[in-house]
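First up is the structure itself, then whatever we jot down about it.
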Amino acid sequence: MSAVTYTDKFVRTSKAAASAKKGFFARFLEAVIAARMEQAELEYARYVQIHGRDPVA
């Protein structure tokens, strides 16, 4: 087995690609994840308020 490594001297790097904005799907997925996390946190807080104890601890 062997490993090959490259430096910038041999491989062209595109600085424009690194600074490009995220695509539609990536932004959509992040929004869905953020909404679900907020919903989960609200449900967790509601459970603690109703039952008076932390289910995880």
Side-chain angles (χ1 to χ4, degrees):
M1 240 192 244
S2 64
V4 179
T5 59
Y6 296 100
T7 65
D8 290 344
K9 184 177 178 181
F10 301 110
V11 178
R12 292 183 186 171
T13 57
S14 173
K15 292 183 181 182
S19 66
K21 71 175 191 173
K22 293 182 182 178
F24 169 77
F25 185 72
R27 289 182 286 130
F28 175 76
L29 191 60
E30 283 184 0
V32 169
I33 291 170
R36 294 292 291 154
M37 283 296 294
E38 184 178 350
Q39 182 181 7
E41 290 171 358
L42 290 173
E43 289 180 14
Y44 181 80
R46 194 179 104 223
Y47 180 89
V48 171
Q49 185 179 19
I50 290 172
H51 296 282
R53 63 181 176 87
D54 188 356
V56 179

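Throughout, numbering of the chain's residues begins at 1 and tracks the sequence.
More than 12 heavy atoms of other residues, nucleotides or ligands sit less than 6.0 Å from atom CD of Glu43.
Asp54 approaches Val48 most closely through the heavy-atom pair CA-CG2, 4.3 Å. Nearest heavy-atom pair, Lys21 versus Arg27, reported as atom, atom and distance to 0.1 Å: NZ-NH2, 4.5 Å.
A distance of 11.0 Å separates CD in Glu30 from CZ in Phe25, rounded to the nearest 0.5 Å.
Between Gln39 and Tyr44, every side-chain heavy-atom pair lies at or beyond the 4.5 Å cut-off.
Ring pair Phe24/Phe28 is parallel by interplanar angle, where below 30° counts as parallel and above 60° as perpendicular.
Linking ILVMFWY residues whenever their side-chain heavy atoms come closer than 4.5 Å, directly or via other members, leaves Leu42 and Ile50 in distinct clusters.
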